Amino acid sequence: MTVNLFDISSRVALVTGSSRGIGKAIARGLAAAGAVVVLNGLDEERLEGTRAELAAEFGAEKIFARAFDVTDAQAAADGVAWVEREVGPLWVLVNNAGVQHRVPMLDLAVEDWERVLRTNLTSAFLVGREAARHMIKRGAGKIINIASVQTDLARPTIAPYTASKGGIRNLTRAMTAEWAAEGLQINAIAPGYIHTEMTQNLVDDEAFNSWILGRTPAHRWGTVEDIVGPAIWLASDASNFVNGQVVFIDGGMTTVV
Ligand code: NDP
């Protein structure tokens, strides 16, 4: 009998910030691979729209949704507890929710610095810790933190984003240092420039768009679907000895100058 190492049938996966963009694509990809998926976001109407769309594709018994603010410690604890109670044992957590804020550092308000750090980095600690409390008891679980090429590279005007995504690399390592021996695998996916709502203004900017194409060996923007295969790999038994890594999915951008 051959074993499908990528089989994630019936595993429960929570994907934060999955009402649109990369999170939605990862949620759809995990559902297509057989997982039971819990969607999350802030805007309840948008979240319900995505839930209904994916439920029509995969069946209502496979797609759940829970709106909560990933930056709120109590909301994160309640959200994870809800998943465990109402859906089943949480096997996969994808910490994907994130925001961008573009302004030169000399003009950056401390509130905006803190909002970006809280949404992109503190959230992964808060939701990750709650998920780990349950996963450790079972001796198994997968946490996938969504990083960025800005985990490695900086650009002007996005200081808090760059700091938060660099932090995601070391949070992934810190989680690994504490929880790998408990049977958890914690890794990060670092997408390159992906065409989503978050980047639509950059795609529309002719100068920036041609800079991206020239700067990327694969000579194109990434698509949300490009992230799906690596996410399934990191959610499945195919990655059981992969610990604390950041996998760059960037068309080669971080390998060249
Ligand atoms: P989008 O802006 O398209 O979607 C962001 C998602 O996060 C939405 O579902 C949003 O919910 C949710 N969200 C934001 N804040 C919170 C919060 N406090 N609590 C719960 N949910 C929240 O983003 P992308 O798909 O472009 O990006 C997703 C992730 O990928 C981010 O971490 C981003 O940094 C990273 N990334 C993106 C790249 C790109 O090129 N697009 C490249 C590299 C990394 P709602 O709809 O309710 O607002």
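Both ligands and their constituent atoms are indexed starting at 1 by order of listing. Everything numeric in this text was worked out from a predicted model, so none of it was measured.
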So, does [X] sit close enough to ligand 1 that a heavy atom of it is under 4.0 Å from the ligand?
{"X": "A147", "result": "yes"}
{"X": "N120", "result": "no"}
{"X": "G222", "result": "no"}
{"X": "I146", "result": "yes"}

What's the shortest distance from [atom] to any protein heavy atom, and which residue and atom give it?
{"atom": "atom 18 (N) of ligand 1", "value": "D69 OD1, 2.9 Å"}
{"atom": "atom 23 (O) of ligand 1", "value": "M198 CE, 3.7 Å"}
{"atom": "atom 12 (C) of ligand 1", "value": "G17 CA, 3.5 Å"}
{"atom": "atom 33 (C) of ligand 1", "value": "Y161 OH, 3.5 Å"}
{"atom": "atom 9 (O) of ligand 1", "value": "S19 OG, 2.7 Å"}
{"atom": "atom 13 (N) of ligand 1", "value": "A97 CB, 3.9 Å"}
{"atom": "atom 43 (C) of ligand 1", "value": "P191 O, 3.3 Å"}
{"atom": "atom 26 (O) of ligand 1", "value": "T196 OG1, 2.8 Å"}

Show me, pair by pair, the donor-acceptor contacts under 3.5 angstrom made by side chains of residues 58-67, not counting sequence neighbours?
residue, atom, partner, partner atom, Å
K62, NZ, G34, O, 3.1

Short side-chain donor-acceptor distance under 3.5 Å, [Y] and [X]:
{"X": "T172", "Y": "N145", "value": "yes"}
{"X": "N96", "Y": "K24", "value": "no"}
{"X": "S239", "Y": "K142", "value": "yes"}

If we set the cut-off at 4.0 Å for heavy atoms, which region of [X] has an atom near ligand 1: side chain, backbone, both, or neither?
{"X": "S18", "result": "backbone"}
{"X": "K165", "result": "side chain"}
{"X": "F68", "result": "backbone"}

With a cut-off of 4.0 Å, which atoms of ligand 1 are near a heavy atom of [X]?
{"X": "R46", "result": "45 (P), 46 (O), 47 (O), 48 (O)"}
{"X": "T119", "result": "15 (N)"}
{"X": "G21", "result": "3 (O), 25 (O)"}
{"X": "G192", "result": "40 (O), 42 (C), 43 (C)"}
{"X": "D43", "result": "47 (O)"}
{"X": "T199", "result": "39 (C), 40 (O), 41 (N)"}
{"X": "N40", "result": "20 (C), 21 (N)"}

> N/O of G23 under 3.5 Å from N/O of ligand 1, yes or no?
Replying inline: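 No, no N or O pair falls under 3.5 Å.
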> Quick one: does S148 get an N or O within less than 3.5 Å of an N or O on ligand 1?
Replying inline: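 No - when backbone and side-chain N and O of S148 are compared with those of ligand 1, no distance drops under 3.5 Å.
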>> Rounded to the nearest 0.5 Å, what separates atom CD1 in I158 from atom CE in M105?
In response: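 Nearest 0.5 Å value for the CD1-CE distance: 10.5 Å.
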>> Parallel, tilted or perpendicular: which one describes the rings of W221 and F208, with boundaries at 30° and 60°?
In response: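 The rings of W221 and F208 sit tilted, inter-plane angle from 30° to 60°.
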[options]: member with heavy atom nearest to [atom]:
{"atom": "atom 14 (C) of ligand 1", "options": "G49, A27, G98, G41", "answer": "G98"}
{"atom": "atom 31 (C) of ligand 1", "options": "I189, L202, L47, N96", "answer": "N96"}
{"atom": "atom 37 (C) of ligand 1", "options": "V70, I194, V127, I22", "answer": "I22"}
{"atom": "atom 2 (O) of ligand 1", "options": "E197, Q200, R20", "answer": "R20"}

Taking the side chain as every heavy atom from C-beta outward, state whether [X] and [Y] have any atom pair closer than 4.5 Å.
{"X": "N201", "Y": "R102", "answer": "yes"}
{"X": "V37", "Y": "L54", "answer": "no"}
{"X": "S19", "Y": "D43", "answer": "no"}
{"X": "R11", "Y": "V36", "answer": "no"}
{"X": "D226", "Y": "R220", "answer": "yes"}
{"X": "T196", "Y": "I22", "answer": "yes"}
{"X": "H219", "Y": "I212", "answer": "no"}

> For L184 and A140, which heavy atoms make the closest approach, and how far apart are they?
Replying inline: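 Here L184 and A140 meet closest at CD1-C, 4.1 Å.
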>> As a test of understanding, state which of V12, I186, V127 forms a side-chain contact (heavy atoms from CB on, under 4.5 Å) with L93.
In response: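 Testing L93 for a side-chain contact (heavy atoms from CB on, under 4.5 Å) against V12, I186, V127 leaves exactly one candidate, V127.
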> Between R118 (side chain) and V70 (backbone), is there a donor-acceptor pair under 3.5 Å?
Replying inline: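 Answer holds: no.
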